[in-house]
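Accompanying notes for the structure given below.
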Amino acid sequence: MARFLIGKLVMRRLPDGLAGGRIVETEAYVAGDAAGHGFNGPTPRNRTLFGPPGRAYIYIAYGTSMMLNVSCSPVGVGTGVLIRALEPAIGIALMESNRGTKRIRDLARGPGRLTQALDIDLRFDGIDLCGPGDLWLATDGANAPKIGRSVRIGLSKEAHRPLRFFARGNAFVSGPKSLNA
DNA sequence: AGTGCGATTGACT
DNA sequence: GTCAATCGCACTA
C-alpha cells in the first residue's frame, strides 16, 4: 500500500477552492512493528488504525504537527501508511497561504507541512478517504514514478526496516540526501 | 496525579 | 550541519 500510494493524489476541498498534491513519499507501519502506533493494541488515540482500511488516521506529533496516515488492514488489526510528502499540484496559492511561505518546495515537503498546507487536522480522523467529503485520495492515471526505498525517518525502534518509499529524484521528497538515492 | 517521550519543524551556525 | 520548543498521550503508582 505504501508503494501503491506513490504517485496518487491527496485532494482537499477548502472554503476558497480545491487544493491537492501528488504523493512522493510514504512509510509503512506493518503488523508486529514495534515502531507502529498499533503495536500495543487499540487506545483512544489510535483507534482509527484498528477500524476499516482506507480511513484517515490523524495524530499530533511533538505537540505541534498533524500526521496524515491511511489505515491499511481489516477491522481489529492496526497497520497504516504515513503520507510524508506531496508535490503541490492544485491550489498552490491556497497552500502558500496556509503555510505562510511562497517557497513551493517547502509547502508540503514533510508530514507536518503537508497537513498544514491542506488544513488537515483531527476533524478528519476516521473519515473514509475513498468516499465523498472534503478530503480524499485520487488518481489521475499518471504513470508511477521510479520508486526508491530506505529506512524510515525519525525512529528509534525498528530503525533498520526499509519501509520508506519515495519518488526517486523528486525535489519534493523530505529526508536527508543520504536516504534519497 | 506525575512522568517520559516522541512517525517534526524552524531557527540558527 | 546542530538544537530547542512543545504538548498530547500512554504508562506507572
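Throughout, a chain's letter reflects where its sequence line sits, starting with A, and its residues are numbered from 1. Here the structure is a predicted model, which is why all the values come from computation and not from measurement.
- Note on A:Arg84 versus A:Glu25: salt bridge recorded, some NZ/NE/NH1/NH2 to OD/OE distance being below 4.0 Å.
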### Task
Both distances under 3.5 Å, Watson-Crick or G-U wobble: on that basis, could you give the dot-bracket string for DNA chain B, with [ ] for crossing pairs and | for other-strand partners?
||||||.|||||.

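- One finds no salt bridge joining A:Asp106 and A:Arg99 here, because no Lys/Arg side-chain nitrogen approaches an Asp/Glu carboxylate oxygen to under 4.0 Å.
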### Task
Any chance you could list the contact pattern along nucleotides 5-10 of chain B? Use B for base contacts, S for sugar-phosphate-only contacts and - for none, protein heavy atoms under 4.0 Å, 5' to 3'.
-BBBSS

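- For the residue pair A:Ala85 and A:Arg109, the shortest heavy atom distance occurs at CB-CA, 4.2 Å.
- Mapping heavy-atom proximity under 4.0 Å, the span of DNA chain C touched by chain A runs 5' to 3' from C:dT6 to C:dC11.
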### Task
Check the pair A:Asp125 / A:Arg55 against salt bridge (charged side-chain N to carboxylate O under 4.0 Å, His left out), numbers first and verdict last.
CA-CA 8 Å; A:Asp125 183 49; A:Arg55 303 296 172 91; over 6 Å; no

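- Side-chain N or O atoms of A:Thr139 include none that pairs as donor or acceptor with a backbone N or O of A:Lys8 at under 3.5 Å.
- Taken from OH in A:Tyr62 to CE in A:Met67, the straight-line distance is 9.0 Å, to the nearest 0.5 Å.
- A salt bridge between A:Asp33 and A:Arg152 is present, with a side-chain N of the basic residue lying under 4.0 Å from a carboxylate O of the acidic one.
- Centroid-to-centroid, the aromatic rings of A:Tyr59 and A:His37 come within less than 6.0 Å.
- Under 3.5 Å, the side chains of A:Arg113 and A:Asn98 contain no donor-acceptor pair of N or O atoms.
- Hydrophobic clustering places A:Ile127 together with A:Leu122 (ILVMFWY residues linked when any side-chain heavy atoms are closer than 4.5 Å, directly or through intermediates).
- Residues A:Asn40 and A:Pro176 each lie close to DNA chain C; by heavy-atom proximity, the contact nearer the 5' end of the strand is made by A:Pro176.
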